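Keep in mind the model is a prediction, meaning the values are calculated, not measured.
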Amino acid sequence: MRGMNRCTADTRQSEEQGIFLPPAVKSVPISVLKQNGLLQALAEGASGRTEADPSAEVLRAQEEWEAVENLQSGIVGTSAGPVPLIAFNEALQYFQTADLSECRKKIQPTVQRRGLSAVAHFFFGPPRLHQQLQGERDLALAIAQCGLDNNEKVHMRILQTIYKKLTGSRFDCPRYGAHWEELGFQGMDPGTDLRGTGLLGLMQILYFVMDSRTLPLARDVFKLSQHESQNFPFCVMSINITRIVIQALREEHLSRECNRRQQVIAVLNDLYVATSLRLYVIWKTQQKTISDSGFVLKDLEAFAKKKPKQLLRYLEIYMSGRAVSVIDGGFQHPSPSSGVRSPSLNSAVGNSSKEINFTGVCDPQVEMEGEARLI
């Protein structure tokens with residue numbers, strides 16, 4: 001029934017776009033056409049038999065079917081062409097100039113402390129973020145308050161870029177559909193999974209897949225997420241990692257590193273990738289499954305808050321081509337790796353002192369009762 005509904009919706013959408021399906025195609029499920037071939041499906045759907053030689057009508061139907069395939073891939077018209085990929089910096093520049101005033105009203109830059117906790121944090125806690133970096137921090141937190149908007153071309157380009165880079169597809173995909181579940185979202189609309197991270201959750205995935213140094217790792221994590229027994233929802237897990245990074249920023253665990261590098265967004269992105277690396281190593285070497293996700297998320301959050309510098313250090317080691325493994329809650333790097341080989345991961349974002357670089361998120365922490373869980 002679900003497949004039939006989708007087929008009906010696709011037919012209706014194609015008619016609205018001015019693409020009309022031949023009657024035989026309308027009466028046969030798309031899955032049948034894909035599995036059995038156009039000519040056989042058309043013949044069986046119309047007359048219950050297979051014609052030996054395709055007629056001119058069938059050949060015309062075949063041309064229309066190719067248009068349907070393009071529609072299924074999200075290409076509504078050949079004149080407009082596929083949606084172009086968007087680089088992380090281009091998306092960031094859009095947010096720098098966009099009106100985020102309503103989003104900025106909702107941000108909470110730091111965790112509010114009271115009583116002895118506030119006194120102890122003041123005297124013994126991490127340093128405060130430098131004033132000149134607070135605008136960059138607030139920008140990231142504002143992006144984390146933005147929802148996905150179908151009318152914003154940049155939002156849609158971000159989605160399409162993530163889809164294409166992870167799947168290797170050259171074609172656009174529909175805004176809604178089961179293909180998003182295959183990428184690890186919880187349903188057919190990615191926008192419903194962005195609570196707590198907003199568009200920052202998508203922006204960090206975009207950074208992961210658009211940087212040539214981190215793309216191999218992103219694809220390794222994505223491949224592991226589709227493992228027969230060790231599978232997990234890639235995008236939902238990624239959004240949880242963004243939530244962890246946001247909270248580490250709000251609790252000022254990253255202030256020292258941000259002040260040292262005079263960057264916020266670049267630090268957030270590197271910590272996101274470093275935490276994803278730790279997830280990958282733990283999940284793969286310790287044979288984790290989805291039932292372990294709560295415990296793994298707890299470990300990731302604790303490590304990111306207590307030892308962010310160590311996480312970033314081991315990311316550099318990994319990116320330099322040396323293998324990384326996990327032992328007793330820590331990392332070690334005993335041998336060379338044939339995997340990713342790159343000099344280091346010094347984020348390209350934020351190298352210019354004039355440009356604001358992407359930062360973290362601002363939503364209050366998603367409290368976890370008992371065992372940590374995927375949001």
Side-chain angles (χ1 to χ4, degrees), residues 111 140-141 143-148 158-159 162 166 180-187 189-209 214 217-218 220-227 230-251 253-254 267-284 286 288-308 311-312 315 326 329 358-375:
V111 173
L141 298 181
I143 297 172
Q145 292 288 349
C146 291
L148 192 61
I158 291 172
L159 266 185
I162 291 171
L166 285 177
W180 296 117
E181 295 176 335
E182 295 172 2
L183 262 60
F185 288 101
Q186 294 184 89
D189 178 8
T192 61
D193 287 336
L194 300 179
R195 57 188 181 276
T197 66
L199 279 171
L200 185 60
L202 291 184
M203 284 287 284
Q204 292 209 300
I205 300 177
L206 179 68
Y207 175 81
F208 205 9
V209 300
T214 60
L217 175 60
D220 283 343
V221 179
F222 181 60
K223 182 179 179 180
L224 179 60
S225 75
Q226 298 179 313
H227 190 274
Q230 291 186 267
N231 59 82
F232 58 88
F234 173 83
C235 287
V236 172
M237 186 69 78
S238 174
I239 290 168
N240 273 271
I241 292 175
T242 296
R243 180 193 62 79
I244 289 170
V245 171
I246 292 169
Q247 197 60 17
L249 175 71
R250 293 183 62 245
E251 292 181 10
H253 297 294
L254 306 183
V267 171
L268 291 178
N269 284 340
D270 284 355
L271 184 63
Y272 162 85
V273 176
T275 306
S276 298
L277 171 60
R278 181 173 176 83
L279 165 71
Y280 175 73
V281 174
I282 289 177
W283 203 274
K284 187 170 185 178
Q286 299 183 11
K288 299 298 185 182
T289 65
I290 190 64
S291 62
D292 302 309
S293 59
F295 301 104
V296 174
L297 282 171
K298 275 188 174 181
D299 170 88
L300 295 177
E301 183 164 2
F303 208 95
K305 291 179 178 180
K306 292 180 181 179
K307 302 179 180 180
L311 270 177
L312 295 172
L315 177 61
V326 176
F358 191 66
T359 350
V361 187
C362 68
D363 261 8
Q365 181 178 10
V366 178
E367 296 294 338
M368 295 183 178
E369 299 179 1
E371 177 182 318
R373 61 186 182 277
L374 295 177
I375 61 173

If I compare all heavy atoms of E301 with all of R243, which pair ends up nearest, and what's the gap? OE1-NH2, 3.4 Å

Between atom CE of M237 and atom OG1 of T275, what is the distance when rounded to the nearest 0.5 Å? 12.5 Å

For P308 and L254, the nearest pair of non-hydrogen atoms, with its separation, is CB-CD2, 3.7 Å

Evaluation steps, side-chain contact (heavy atoms from CB on, under 4.5 Å), between Y207 and V273: CA-CA 9 Å; Y207 175 81; V273 176; 3.8 Å; yes

Minimal non-hydrogen separation, G184 against P233, with atom names: O-CB, 3.4 Å

For S238, what residues pass the side chain to side chain donor-acceptor pair (under 3.5 Å) criterion, not counting sequence neighbours? Y272

Nearest 0.5 Å, what's the CG-CG distance between L311 and L315? 8.5 Å

In this structure, CD of E251 is separated from NZ of K305 (nearest 0.5 Å) by 3.5 Å

Heavy-atom check, side chain of L300 versus side chain of R278, under 4.5 Å: yes

Stepwise side-chain contact (heavy atoms from CB on, under 4.5 Å) check, L159 with L148: CA-CA 10 Å; L159 266 185; L148 192 61; 3.6 Å; yes

Closest non-hydrogen atom pair between F222 and L166, with its separation: CE2-O, 3.6 Å

Could you check whether the rings of F208 and F234 sit parallel, tilted or perpendicular, using 30° and 60° as the cut-offs? parallel

Would you call F232 and L224 a side-chain contact if the rule is heavy atoms closer than 4.5 Å? yes

Does the side-chain contact (heavy atoms from CB on, under 4.5 Å) test come out yes or no for I162 and W180, once each step is laid out? CA-CA 10 Å; I162 291 171; W180 296 117; 5.6 Å; no

What verdict does the side-chain contact (heavy atoms from CB on, under 4.5 Å) test give for V267 and L249, after you've listed the backbone C-alpha separation in whole Å, the side-chain angles of each residue and the deciding distance to 0.1 Å? CA-CA 10 Å; V267 171; L249 175 71; over 6 Å; no

Atom CG in L194, atom CG in L202: separation rounded to 0.5 Å? 4.5 Å

Between the NE2 atom in H253 and the CD atom in Q247, the distance rounded to the nearest 0.5 Å is 8.0 Å

To the nearest 0.5 Å, tell me how far D299 CG sits from L279 CG. 10.0 Å

Looking only at heavy atoms, which two atoms of D193 and Q186 are closest? And how far apart? OD2-N, 2.7 Å

Nearest heavy-atom contact between L199 and G147 is CD1-O, 3.7 Å

I want to check something: taking the side chain as every heavy atom from C-beta on, are I244 and N240 in contact at a cut-off of under 4.5 Å? no

Heavy atoms, side chains only, cut-off 4.5 Å: are T242 and V245 in contact? no

So, using side chain to side chain donor-acceptor pair (under 3.5 Å) as the criterion, who are the partners of D189 when residues are at least two apart? R175

